Amino acid sequence: QLQLDQNKFDPTIPALPAEGQEPSTDVSTENGPVITEQPINTDFNVPYSVELSVGVEQPEKCDFQWQYRDLDSNEFFNLQGSGAKKQVLHFRSTNFHLEDYELRCVVTYKDQPHAMTVSDSAKLILKSMPKNFAVIGNTILPADGKMYAITDGEGSAGLSADGKTLTLK
């Protein structure tokens with residue numbers, strides 16, 4: 001699951017395509033924007049932020065659409081939300097399964113959306129994972145791999161800023 005860092009960025013980028021979303025058929029065309037810097041394979045640590053970028057000539061004249069695919073698939077899907085339409089993609093790695101993903105960026109001219117260049121893809125490489133990591137939401141996923149449900153009862157849960165302590169109240 002991709003989850004945007006809610007302290008800095010738009011929180012609307014999901015990992016999976018919306019129900020019924022078709023895979024991307026984007027391919028580079030002649031006269032598309034010139035990519036000057038390709039996204040690179042990036043190490044990540046759970047639960048910290050990850051950043052990927054693509055360099056282009058005249059970025060102010062370009063639109064960007066980040067896409068991802070699971071390495072078990074040959075198909076790329078558009079990431080959703082305004083954060084997926086920027087030259088630099090920021091998100092928080094909330095799941096060690098991200099190491100099974102590749103990301104790329106489709107760059108088009110604002111005034112010629114059919115003139116496009118598709119970047120090389122970049123892999124996400126798991127560097128390390130905290131011993132006791134948890135994702136807060138409907139479930140908690142500690143490093144032991146077991147799933148724990150948080151019920152609808154009263155109380156709250158909080159994860160410390162360093163991602164090491166989960167407090168249930």
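Throughout, numbering of the chain's residues begins at 1 and tracks the sequence. What you see below is based on every heavy atom in this structure, not just the backbone, and it leaves out hydrogens, waters and symmetry mates. In this text the structure is predicted, and so the values were computed from the model without any measurement.
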Please report the closest heavy-atom contact between V88 and S53, naming both atoms and the distance.
-> CG2-CB, 3.8 Å
For N74 and R69, what are the C-alpha separation, side-chain angles and deciding distance, and is it a side chain to side chain contact (heavy atoms under 4.5 Å, CB included)?
-> CA-CA 7 Å; N74 290 326; R69 76 172 176 154; 3.8 Å; yes
Paired with E57, the side-chain contact (heavy atoms from CB on, under 4.5 Å) test is passed by just one of I35, V107, V34, namely V34
Using modelled atom types only, decide if a donor and an acceptor are shared between the side chain of Q87 and the backbone of V54 within a distance under 3.5 Å.
-> yes
Could you check if a side-chain atom of T42 sits within less than 4.5 angstrom of a side-chain atom of I125, using non-hydrogen atoms only?
-> no
Residue pairs fulfilling side-chain hydrogen bond (donor to acceptor under 3.5 Å, both in side chains) with at least one residue in residues 105-122, sequence neighbours excluded = E102-S121
If you look at every heavy atom in C62 and P33, which pair is closest and at what distance?
-> SG-CB, 4.0 Å
Working for side chain to side chain contact (heavy atoms under 4.5 Å, CB included), residues L124 and L52 = CA-CA 10 Å; L124 297 177; L52 291 164; 4.3 Å; yes
Check the hydrophobic clustering (I, L, V, M, F, W, Y; side-chain heavy atoms under 4.5 Å; chains of links allowed) and say if V106 and F64 are grouped together.
-> no
Within a strict 4.5 Å, meaning less than it, do heavy atoms of the Q65 and C105 side chains meet?
-> no
Report yes if the side chains of R104 and S24 come closer than 4.5 Å at any heavy-atom pair, otherwise no.
-> yes
For Q67 and D26, test the side chains for any donor-to-acceptor distance below 3.5 angstrom and give the result as yes or no.
-> yes
Would you mind telling me which of Y68, F76, F77, W66 makes a ring pair (Phe, Tyr, Trp, His ring centres under 6.0 Å) with Y101?
-> Y68
Hey, could you give me the CD/CE distance between E30 and M116, rounded to the nearest 0.5 Å?
-> 14.0 Å
Of all heavy-atom pairs linking A84 and L89, the shortest is CA-CD1, 4.2 Å
